[in-house]
Participant: 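Sending over a structure as structure tokens; questions will come in a sec.
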Amino acid sequence: MKLLNMITEYAKAAPGTVALNERAYDRYRRYSFDFDQKNFKLDFTNGALIYKSIKGARASPTATDFMARNPNVTIWDGSTEAPDEPREATG
Amino acid sequence: MSTFKEATVYKVGESYLGKDVWAMDLMPPIEASHWSQAKATTLKPTVVYSARQHANEVSSTSHTLKLAELLLTDPAYRDKLKKVNVVFHPITNADGAQLAYDLQKMTPDYMLHAGYLSSLGVDVTAAQWDTDPILPESGIRSKIWRTWLPDIFLNPHGYPTHEWVQLFSEYAAWVRTRSVETRDYWTMRGWWMPGSRGWTIRSIRATRTSR
């Protein structure tokens, strides 16, 4: 959680990110979460949308991700999504 | 970036269609004649940024290289290299990147989704732990992992935000798998994280159980 707090703190400090996210999250809420709350999650961490493994990750030598495969070495394995185009092009 | 003394740029492999795949290690300059990779990653934590798995997601490479630029040129960022080894692997799917680049010359407003996958039409990481994958670039992430044994492994993606994915277009992941963690977004979600996997009490217990 400490890592996620640091990540969200820096993400929110980036110019324009908060406004972009608020607009995008609001739109996503209207066209997904409000339509189907079972399948479209809105899991926020400090105001940033982050899908976590709620039950944790089970270590497995055949797991595909780096942390679950080698939790004694890699303590965090994360993926991020960022818009490819600038804010004014996002419609 | 290879002109900076903090940067070690090297070819880390090749793609199925023969394109060079590059990586770059950032550390404070090393003056010694001999150097131990094992000690380097033991004495300091290591973070790997392995970008552009899905090659039409261009911002993945852009923002990781921007971070590399800051680490090399901004004294405040560069100072962080005293505390952490940073490894950049800016393009995982080099063949897809070339295809997306070629396609954008013709259709710059499209999502260029043909570049998302590898040259053989499967995800470039599908066989990343195989000992002899058909796609040679599939093994590069695991090769970097084995080399550095990183504490943190990051997989930054981008997504085309100007075009909404149609609900039943068969592109949306939810339609195919009922999985909402991946590409179910037919509208953008700003900056977000589809996956965050870290140590928990449960995972530590599982590790002990698996020994």
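All values below come from the heavy atoms of this structure, side chains included, with hydrogens, waters and symmetry mates left out. Chain naming here is simple, since letters A, B, ... match the order of the sequence lines and numbering starts at 1 in each. This is a predicted model, so every value here is computed, not measured.
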Participant: Of all heavy-atom pairs between A:Y25 and B:R189, which one has the smallest distance, and what is that distance?
Facilitator: CE2-O, 2.9 Å
Participant: Please examine the side chains of A:R69 and B:W129, heavy atoms only from C-beta on, and report whether any two atoms are closer than 4.5 Å.
Facilitator: yes
Participant: Taking everything shown except B:K105 itself, do over 12 heavy atoms lie less than 6.0 Å from its NZ?
Facilitator: yes
Participant: Are B:V48 and A:T74 side-chain neighbours, meaning at least one heavy-atom pair lies under 4.5 Å?
Facilitator: no
Participant: Checking A:R29 against chain B: side chain, backbone, both or neither under 4.5 Å from a heavy atom?
Facilitator: neither
Participant: How long is the span from the OG1 atom in B:T125 to the CG atom in A:D65, to the nearest 0.5 Å?
Facilitator: 11.0 Å
Participant: For the residue pair B:F153 and A:F66, does the interplanar ring angle fall in the parallel (under 30°), tilted (30 to 60°) or perpendicular (over 60°) class?
Facilitator: parallel
Participant: Answer yes or no: is there a side-chain heavy-atom contact under 4.5 Å between A:I7 and B:M193?
Facilitator: yes
Participant: If you compare all heavy atoms of A:P83 against all heavy atoms of B:S59, which two are closest, and at what distance to 0.1 Å?
Facilitator: O-OG, 3.5 Å
Participant: Among B:S60, B:P156, B:P194, whose side-chain contact (heavy atoms from CB on, under 4.5 Å) with A:E81 holds?
Facilitator: B:P194
Participant: Just wondering, are more than 12 heavy atoms of other shown residues or ligands nearer than 6.0 Å to NZ in B:K19?
Facilitator: no
Participant: Check this for me: B:K80, atom NZ, are more than 12 non-hydrogen atoms of other residues, nucleotides or ligands nearer than 6.0 Å?
Facilitator: no
Participant: Within the supplied structure, the quantity of interest is the number of heavy atoms (other residues, nucleotides, ligands) at a distance under 6.0 Å from B:K83 NZ; does it exceed 12?
Facilitator: no
Participant: Look only at the side chain of B:W191 and the backbone of A:N21, and say whether a donor-acceptor pair between them is shorter than 3.5 Å.
Facilitator: no
Participant: Step through the shown structure and confirm whether more than 12 heavy atoms of other residues, nucleotides or ligands are within 6.0 Å of CD1 on B:I134.
Facilitator: no
Participant: Is it true that, when you exclude A:Y10 itself, more than 12 heavy atoms of the residues, nucleotides or ligands shown sit nearer than 6.0 Å to its OH?
Facilitator: no
Participant: Is it the case that atom CZ in A:F44 sees more than 12 heavy atoms from other parts of the structure closer than 6.0 Å?
Facilitator: yes
Participant: If you look at every heavy atom in A:S79 and B:H157, which pair is closest and at what distance?
Facilitator: CB-CD2, 4.4 Å
Participant: Say you draw a straight line from CG of B:N56 to CG of A:D84; how long is it, rounded to the nearest 0.5 Å?
Facilitator: 7.0 Å
